[in-house]
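Structure record follows, encoded as structure tokens.
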Amino acid sequence: MRTADAQVTNADVAERLALMGRLLDITGADRYRIGAYERAARQVERLSLRVADLDEEELTRIPGIGARIAGQIRETVATGSFAELEELQAAIPESLIELLKISGVGPRTLHTLWKQLGILTLDDLEQAVKGRRLQNLPGFGAKKEETIARGIRQYRSRPDRMTRPAAEAVLTRLEAVLPDGQYTAAGSYRRGAATVGRVTVVTTADRAAFTDRVAAVDERRLEVRFTEPARCGTALLCATGSAGFLGRLSEAALTSGYGLTPGGLLENANGRVHTFGSEEEVFSFLGMTPIPPELREDRGEVELALRHALPDLVETRDVRGDFHSHTTRSDGRQTLEDVAEAGDARGYDYIAITDHSSRVSPEALREQRAAIERVNRRHDCELLAGSEVEIRSDGSLGYENRVLADLDLVIASVHSGHNQDQDVLTRRILTAMENEHVDIIGHPTGRLLDRRPPYAVDLSRVMAHAAETGTALEINASPHRLDLEDIYILHAKKRGVKLAAGTDAHCTGEFANMKNGVMLARRGWCAPGDLLNTLPLSGLLEWLS
DNA sequence: GCCGTTTTCGGCCCGACTGTTTTCAGTCG
């Protein structure tokens, strides 16, 4: 345990408080007491002052922090933790907390499993399910047992891959070790893949001096390749991949009489090694147009580069606006004013406000439109009055048509009934597209990269119907969704389906996620014209009408 | 646990959905 120091960060304190909430939840504590810790954790996380610098009186002035939690924060700043948390930690095994990640297992269920069956680990739970011991518990039944069995299967088979933020966290830790600017991220991260198995970087730092230090960062999930400045071109190419792309590129090089190696191009006739400081020089030497990393997936890009016929890809600077955002009206943490300011800062023409229909009554929606009109007078970036309307499990929408008709833009999304079979789920979405007011289908497969596989939607049918009805499909740019995936974007584009990138921003910082949407669109070979976001406001309004 | 006050208790975000019930509890977003 840490001793008194000034190093305790807000993130450390927030983590302790959030853990307290989770542990209380498992013990079956009062839900409002639990909520108090969760709220306090969020407040500390958001605070722009260092919590370690505040005294007890100042702490209690933060909304959601009273005398008790203020004391626990002071204790954490002084000692690294607080007594009540440590007592709970001693009482609740760590392996139990992990079980909360299983879909269908919430704190109350976990409490029962723990107290009634003595379940402590994932293996315990799996054995109990196999022995059919869950369905006889009070409040449990055969279906709940099956839900948990499915949750365990999903959890066990989750791919051991990082989301992009997790990969970025590894890069941040690397930054502290390597001298300034001496590395370039490569691998699937650089190609813009949705998830990353291993972070690969290329560095010109001194191998002898840094091998051990970088190894200490994350041996399992980080691979550092050392090179020298004069060989960066081929080193970066080889480290970026993909394997399929490198295979094609090697074939092309061989045709010209060269072997591709990280150290350079080996001239087969005389054994001479040609070195290149940049990737562009390598491509140019081989008579090719440079291939953007996002295209390097062996989908015909090498052939096109040789013919100087690569497509023009959309770029971040082409994007005129964002189609998906939430405010405090539903589950966001930003106001209309915050959104408009963020839009101005990004130089956008427009941002659509799309709060959840389930959280906003038709009356509140009308008030919001009036508020939007007031905010719009003060900003260059125009807010559009929109909604993310529920596609309910019976296929009906969260608002009546007369409500939808008053909106500038409507996203329709599935948030429930994820386990419906393919036909039922697909038909929900097809029905939603038939509604003339629905402009965009939100996160079309519903996947959450670190938590949940896509639902069983038939995207072929969805795309065919989208083309017919003129409905756009969203490219959800949240790094936890990245939905649609690139391969489907490619299909959608071929079928003439419009694509609409949206960040799903719940706070202003998340508008920056648009870069992920653009990256995904590029992986799907999108030109600027394939993304609705590249339209100026007038063009967008025309498309919407 | 916090907060506000009609000031020391009573309310705290909530709707959809599912599975368990037969009027509700738990999960999810």
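Below, chains carry the letters A, B, ... as their sequence lines are ordered, and counting in each starts from 1.
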- Classify the nucleic acid contact of A/D30 as base, sugar-phosphate or nothing, counting any heavy atom under 4.0 Å across all strands shown. base
Residues at least two apart in sequence or cross-chain that pass side-chain contact (heavy atoms from CB on, under 4.5 Å) with A/A36, listed by chain then number, are A/R39
To the nearest angstrom, the CZ-P distance between A/R42 and B/dG1 comes to 17 Å
Check: Roughly how far apart, to the nearest Å, are B/dC17 and B/dC13 at atom P?
Finding: 23 Å
Is the ring pair A/H418/A/Y455 parallel, tilted or perpendicular, if the boundaries are 30 and 60 degrees? tilted
Separation of B/dC13 atom C1' from A/R333 atom CZ, nearest Å, is 15 Å
In whole angstroms, the gap separating P of B/dG19 from CZ of A/F140 amounts to 14 Å
A/I148 atom CD1 is separated from B/dT20 atom C1', nearest whole Å, by 13 Å
P spacing across the pair B/dC9 / B/dC14, given as an integer number of angstrom
25 Å
When rounded to whole Å, the CD to P distance for the pair A/E38 and B/dG1 reads 14 Å
A/R164 NZ/CZ over A/Y189 ring centroid, <6.0 Å and within 45° of normal = yes
Between B/dG10 and B/dG15 - P atom distance, rounded Å: 24 Å
Separation of the C1' atoms in B/dG11 and B/dA16, to the nearest angstrom:
23 Å
| query | Side chains of A/E126 and A/Y155: do they bring a donor and an acceptor to under 3.5 Å? | reply | no
Between the protein and nucleotides 25-29 of chain B, list the N/O to N/O atom pairs that are separated by less than 3.5 angstrom.
from: B/dG26; atom 1: O3'; to: A/T109; atom 2: OG1; distance (Å): 3.3
from: B/dT27; atom 1: OP1; to: A/G106; atom 2: N; distance (Å): 2.6
from: B/dT27; atom 1: OP1; to: A/G106; atom 2: O; distance (Å): 3.0
from: B/dT27; atom 1: OP1; to: A/T109; atom 2: N; distance (Å): 3.0
from: B/dT27; atom 1: OP1; to: A/T109; atom 2: OG1; distance (Å): 2.7
from: B/dT27; atom 1: OP2; to: A/R108; atom 2: N; distance (Å): 3.3
from: B/dC28; atom 1: OP1; to: A/G104; atom 2: N; distance (Å): 2.7
from: B/dG29; atom 1: OP1; to: A/R452; atom 2: NH1; distance (Å): 2.1
from: B/dG29; atom 1: OP2; to: A/R451; atom 2: NH1; distance (Å): 3.3
from: B/dG29; atom 1: OP2; to: A/R451; atom 2: NH2; distance (Å): 3.1

Ranking B/dC2, B/dA16, B/dC12 by distance to the side chain of A/I69, first place goes to B/dC2
A/R329 CZ to B/dG15 C1', in whole Å, measures 17 Å
To the nearest angstrom, the CZ-P distance between A/R33 and B/dG1 comes to 4 Å
Ring centers of A/H506, A/H324 separated by less than 6.0 Å = no
Quick one: label A/A142 by what it contacts on the DNA or RNA (base, sugar-phosphate, nothing), any heavy atom closer than 4.0 Å.
sugar-phosphate
Review point. How far does the P atom of B/dT22 sit from the matching atom of B/dG29, given to the nearest Å?
Key: 28 Å
For this session: For the pair A/W114 and A/H111, name the ring-plane relationship: parallel under 30°, tilted 30 to 60°, perpendicular over 60°.
Result: perpendicular
For residues A/R333 and A/T328, is any side-chain donor paired with an opposing acceptor at under 3.5 Å? no
The side-chain hydrogen bond (donor to acceptor under 3.5 Å, both in side chains) partner of A/N476 among A/N516, A/D483, A/N513, A/D504 is A/D504
### Query
With a 4.0 Å cut-off on heavy atoms, is A/R392 in touch with a base, just the backbone sugar-phosphate, or nothing at all?
sugar-phosphate
Regarding A/I65, tell me which of base, sugar-phosphate or nothing describes its non-hydrogen contacts under 4.0 Å with the strands shown. sugar-phosphate
Paired to B/dT8 by Watson-Crick or G-U wobble criteria (both distances under 3.5 Å) is none
Separation of B/dG1 atom C1' from A/L59 atom CG, nearest Å, is 15 Å
Give me the distance, rounded to whole Å, that separates B/dT7 from B/dC2 when you measure between the C1' atoms they each carry.
15 Å
Assert: residue with more 5' nearest nucleotide on DNA chain B, out of A/D394 and A/K143, is A/D394
Judged by nearest nucleotide, the residue sitting upstream toward the 5' end of DNA chain B, A/Q72 or A/R31, is A/Q72
